[in-house]
Visitor: 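I have a structure here, written as structure tokens, and I will follow up with some questions on it.
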Protein chains: 2
Amino acid sequence: MKRPTMKDVARAAGVSPMTVSRVVSGEAGVAPETAARVGQAVRKLGYQRNDNARSLRQKNLGTSTIGLVVDDLANPFYALMARSVEDEAHRRGHVVLVGSTNDEPQREREVIAAFTARQVDGLIIVPTIGGHGFLKRPMAGGTQVVCVDRPARGLAVDTVTVDNRAAAGRAVTHLLGHGHTRIAYLGDRFDIWTQAERYAGYLDALAAHGIPEDPALVRHELRSHPQARDALAVLRTLPDPPTALFTSNDLITLGVLDGLDHPAPLALVGFDDLPLGERLTPPLTVVSQDPVALGGTAANLLFSRIAGDRSAPRSVVLLTRFVVRGSGAMRTAGG
Amino acid sequence: MKRPTMKDVARAAGVSPMTVSRVVSGEAGVAPETAARVGQAVRKLGYQRNDNARSLRQKNLGTSTIGLVVDDLANPFYALMARSVEDEAHRRGHVVLVGSTNDEPQREREVIAAFTARQVDGLIIVPTIGGHGFLKRPMAGGTQVVCVDRPARGLAVDTVTVDNRAAAGRAVTHLLGHGHTRIAYLGDRFDIWTQAERYAGYLDALAAHGIPEDPALVRHELRSHPQARDALAVLRTLPDPPTALFTSNDLITLGVLDGLDHPAPLALVGFDDLPLGERLTPPLTVVSQDPVALGGTAANLLFSRIAGDRSAPRSVVLLTRFVVRGSGAMRTAGG
DNA sequence: GTGAAAGCGCTAACAC
DNA sequence: GTGTTAGCGCTTTCAC
């Protein structure tokens, strides 16, 4: 029961394989009657064209396959992005290979190599901290590349990010505006670009208000819910504890919430990857970004490259929304 | 700057393409010195093997590509499943094409056709309500298929599901055990297999306790947060309102939570797709399933089929956990 | 309007 | 150990 080929269909329809090719690919210049006979044979045999063989021959059309490489597909932020990319691809008759890197440069290379070996027309990648020189060759060979969420160092390609730094600055400025001067920063791995940007925004806001940074109030490398919770507990034991917190991603925000109201309430603004604050108690003031827009924009850039756009690489910065819901306005009793 | 081929490498290394093939594919029987020369040429030219061309020739090895077809990749439940499948695939040197159906049979066919046209070795699918006869031909041609989360009607393939019916029965029995007799069912589209199963479990439990079904307490087709919330509001206006609720997925559980304590508290047990209840107030008693285990099991089944297993189709039913946290024990003041 | 010949990039099968 | 020939399934090119 092997898969039938064009040759099989040709024999069944009494024509040459070339004619079958024309019919199956919807080309003009076949007599309607012949086309009908071929169509019947196709249905009878359950024939389906082998698109790998097709794209091997047709170098100008490509494989209609793109690759999406994210940090972690199980993370709802990237899952939304992936769905958005998939929809754009589907609209254009493309399929999507997807892979997670876990932020490990080694795995990133493996995944991308597996994708380029299959002749993807383009790649949308959330780059790891590693170098990306290995992309030079596929790019020279015609593979288009777009970065999303973070830029790749030393890689001149279209890049879509959000205004992490400005948005973090705005968030901290909000806290400053409510009279807070002891504002803690709780962040994830500092070598992740988005985290470094958000930290920079935190510093910007403090500097603009003439408040010196207090290293005791800064905690990086918080990788989990409990770590964030514990970091907050430690901050509260300081002689001069914070009265407000800026948390730089969802996981940390959630971790911190546990201890937020005990013993004394703290003000909080979080950097939000998802429409998360809506469900939480207390109503959270957050910086809100839109993973669907990130993915959609990246996909549109990629497909215009695939369609032949060879203009200089663009850097698109999407705007976040600052959503005030109350948690940034709280004051401690003694504050 | 076209992508170099084996011929280019062969010329650069002063050998035949066949020798390059052997070196690149790590086959034995090449003189170490020759292999080194070839390796140098490969690096110098930045050569990468075209795996599409390779698998066109090597029919026994396949494409090392599988397809994953889910309802909606943006849904965290399927995102976790996808990540799990991807990890299993990665371990085995395979890549994953991914597509969402939106539960539309039409789109399911398109996605699967696009995947089989690219000669995937296997498919893991969350089937829509539509028929799946179109899979017969690719399967006869050697494409392996595994269903996950739901079975596909009339398709004899490995299938991985959870014990939806029994678990729902257990949940409702829990409520009955706390003295409730007016238990409402709030569910999603009834034509989704999992929902029908959970509803059947609800009925099972009532019947086992000799309680007749009251159609006024049953609401299907709740597709959104607000719809669920509103459905609850309507239920509360009944002359003989429910004292307890069984909600058959996360979305509905969240929608219902809004109105749970007003005007009077209701008991609640939810069917949970994610570790969700932990973060909610009140602490939710839930049936908990494991999307990672679902995906991992489906992937393992698929890869053993791809490896040559031709035994009769298996039906694997994974067990859910019943997590008692309190919300199922509540009693109304007047109840 | 249709077909024959050649070749995309690679490897099976056989020589040497 | 290495090379030659042929062909995977399809489409380009050019005949007819």
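Keep in mind that what you see is a predicted model, and the values were worked out from it rather than measured. Note on naming: letters A, B, ... go to the chains in the order of the sequence lines (proteins, then strands), and numbering restarts at 1 for each one. The basis for the numbers below is simple: all heavy atoms, side chains too, and nothing from hydrogens, waters or symmetry mates.
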Visitor: Determine all donor-acceptor pairs shorter than 3.5 Å in which one atom belongs to a side chain in residues 28-44 of chain A; sequence neighbours excluded.
Guide:
from  : atom 1 : to    : atom 2 : distance (Å)
A:R37 : NE     : A:A13 : O      : 3.1
A:R37 : NH2    : A:A13 : O      : 3.2
A:R43 : NE     : A:G39 : O      : 3.3
A:R43 : NH2    : A:G39 : O      : 3.2

Visitor: Please give, in whole Å, the distance from C:dA13 C1' to B:N60 CG?
Guide: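 That distance rounds to 13 Å.
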
Visitor: Under 3.5 Å, sequence neighbours excluded: what are the donor-acceptor pairs made by side chains of residues 139-162 of chain A?
Guide:
from   : atom 1 : to     : atom 2 : distance (Å)
A:T143 : OG1    : A:P138 : O      : 3.3
A:T143 : OG1    : B:R3   : NH2    : 3.0
A:Q144 : NE2    : A:G142 : O      : 3.3
A:D149 : OD2    : A:Y78  : OH     : 3.0
A:R150 : NH1    : A:D103 : OD1    : 3.1
A:R150 : NH1    : A:P127 : O      : 3.1
A:R150 : NH2    : A:D71  : OD2    : 3.2
A:R150 : NH2    : A:Y78  : OH     : 3.2
A:R153 : NH2    : A:I129 : O      : 3.0
A:D158 : OD1    : A:R305 : NH2    : 2.8
A:D158 : OD1    : A:R314 : N      : 2.6
A:D158 : OD2    : A:R305 : NE     : 2.7
A:D158 : OD2    : A:R305 : NH2    : 3.3
A:T159 : OG1    : A:V157 : O      : 3.0

Visitor: Kindly calculate the angle separating the two end axes of the helix from C:dG1-D:dC16 to C:dC16-D:dG1, each obtained from five base pairs, and round it to 10 degrees.
Guide: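 One end axis against the other gives 40°.
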
Visitor: Rounding to a whole Å, what distance do you find between A:R57:CZ and C:dG9:P?
Guide: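 Distance check: A:R57 CZ to C:dG9 P gives 9 Å.
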
Visitor: Rounding to an integer number of Å, can you tell me how far A:R118 CZ sits from C:dC8 C1'?
Guide: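 It works out to 19 Å between those atoms.
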
Visitor: Taking only Lys NZ, Arg NE, NH1 and NH2, and the carboxylate oxygens of Asp or Glu, determine whether B:E88 and B:R91 approach each other closer than 4.0 Å.
Guide: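 A salt bridge is present here (some side-chain N lies under 4.0 Å from a carboxylate O).
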
Visitor: What closest approach, in Å, do A:Q48 and B:A113 show between heavy atoms, and which atom pair accounts for it?
Guide: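 Taking A:Q48 first and B:A113 second, the nearest heavy atoms are NE2-O, 2.8 Å.
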
Visitor: When the distance from CD of B:Q58 to P of C:dG9 is rounded to whole Å, what number comes out?
Guide: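 Nearest whole value for this atom pair: 18 Å.
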
Visitor: Let me check something: any side-chain donor-acceptor pairs from residues 18-25 of chain B under 3.5 Å, sequence neighbours excluded? List them with distances.
Guide:
from  : atom 1 : to    : atom 2 : distance (Å)
B:S25 : OG     : B:S21 : O      : 3.3
B:S25 : OG     : B:R49 : NH1    : 2.8
B:S25 : OG     : B:R54 : NH1    : 3.1

Visitor: Over how many whole Å does the gap from B:K59 atom NZ to C:dA12 atom C1' extend?
Guide: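 One finds 14 Å between C1' of C:dA12 and NZ of B:K59, rounded.
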
Visitor: Could a donor-acceptor pair under 3.5 angstrom be found where the side chain of B:R54 meets the base of C:dG9?
Guide: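 For B:R54, whose side chain was compared with the base of C:dG9, there is no donor-acceptor pair (under 3.5 Å).
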
Visitor: Going by the rule ring-ring contact (aromatic ring centres under 6.0 Å, His included), which residues pair with B:Y47 if we only count those two or more places apart in sequence or in a different chain?
Guide: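 Testing B:Y47 for ring-ring contact (aromatic ring centres under 6.0 Å, His included), a comparison that skips the adjacent residues, returns none.
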
Visitor: B:F77 and B:L294: which non-hydrogen atoms are nearest, and at how many Å?
Guide: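 Closest approach of B:F77 to B:L294: CZ-CD1, 3.6 Å.
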
Visitor: Listed in order of residue number, which residues of residues 35-51 of chain B have a non-hydrogen atom at under 4.0 Å from DNA chain C?
Guide: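 The answer is B:Y47, B:R49, B:N50.
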
Visitor: Quick one: list whatever passes salt bridge (charged side-chain N to carboxylate O under 4.0 Å, His left out) with B:D290, sequence neighbours left out.
Guide: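 None.
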
Visitor: From CG of A:L56 over to C1' of C:dG7, roughly how many Å is that when rounded to an integer?
Guide: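 A:L56 atom CG is separated from C:dG7 atom C1' by 9 Å.
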
Visitor: Can you list the residues that meet the side chain to side chain donor-acceptor pair (under 3.5 Å) rule with B:S55, with sequence neighbours excluded?
Guide: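 Here no residue qualifies.
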
Visitor: Taking ring-ring contact (aromatic ring centres under 6.0 Å, His included) as the test, write out the residues that go with B:H132, two or more places apart.
Guide: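 If we apply the ring-ring contact (aromatic ring centres under 6.0 Å, His included) test to B:H132, skipping adjacent residues, the hits are B:F134.
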
Visitor: What is the 5' to 3' range of DNA chain D, first to last nucleotide, that sits under 4.0 Å from any heavy atom of chain B?
Guide: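 The contact span of chain B on DNA chain D goes from D:dG1 to D:dG9.
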
Visitor: Using a 3.5 Å distance criterion without hydrogens, assess whether the side chain of B:D121 forms a donor-acceptor pair with backbone atoms of B:S64.
Guide: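 Pair found, side chain donor or acceptor close to backbone of B:S64.
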
Visitor: Would you please name every residue forming a side chain to side chain donor-acceptor pair (under 3.5 Å) with B:S100, sequence neighbours left out?
Guide: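 By the side chain to side chain donor-acceptor pair (under 3.5 Å) rule, B:S100 matches A:E86.
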
Visitor: Which part of the nucleic acid, if any, lies within reach of A:T34 when heavy atoms closer than 4.0 Å are counted: base, sugar-phosphate only, or nothing?
Guide: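 If one applies the 4.0 Å heavy-atom cut-off, A:T34 turns out to touch the sugar-phosphate alone, with no base involved.
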
Visitor: OG1 of A:T63 to CG of A:N52: how many Å apart, nearest 0.5 Å?
Guide: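 One finds 8.5 Å between OG1 of A:T63 and CG of A:N52.
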
Visitor: Residues from residues 12-23 of chain A sitting under 4.0 Å of DNA chain C, heavy atoms only?
Guide: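 By residue number: A:V15, A:S16, A:M18, A:T19, A:R22.
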
